[in-house]
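See structure below.
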Amino acid sequence: MATEVMTGGGEAPSPSAAGRIARFIQFLREVRNELRKVTWPTFDELKKATTVIVIFVTVLGIAIG
């Protein structure tokens, strides 16, 4: 059984504005690094995928409506 009493009365100190900005900049750097790892589709792959989606949505729209 826990018999410890919590004292200290208060919240943790909030980070300063400079600390928040530094964390935000670090976050943006990490996002940029992750986006560099992405294998982006070629233009031909993009055209094929878009064509398939447009045809599928058209057929589904005709079937439903």
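Hydrophobic clustering (side-chain heavy atoms under 4.5 Å, transitive across Ile, Leu, Val, Met, Phe, Trp, Tyr) keeps Ile21 apart from Val31. In the hydrophobic cluster analysis, where Ile, Leu, Val, Met, Phe, Trp and Tyr join through side-chain heavy atoms closer than 4.5 angstrom, Val38 is grouped apart from Phe43.
Residue Ile55 holds its CD1 atom at 13.5 Å from CG of Leu60, rounded to the nearest 0.5 Å.
Here the side chains of Thr42 and Leu46 are not in contact, with every heavy-atom distance at 4.5 Å or above. Residues Thr51 and Phe56 form no side-chain contact, since every pair of their non-hydrogen atoms from C-beta on lies 4.5 Å or further apart.
Between Lys37 and Glu34 there is a salt bridge, with a side-chain nitrogen of the basic residue lying less than 4.0 Å from a carboxylate oxygen of the acidic one.
Annotation for Arg32: atom CZ counts as buried by contact number, over 12 foreign heavy atoms lying within 6.0 Å.
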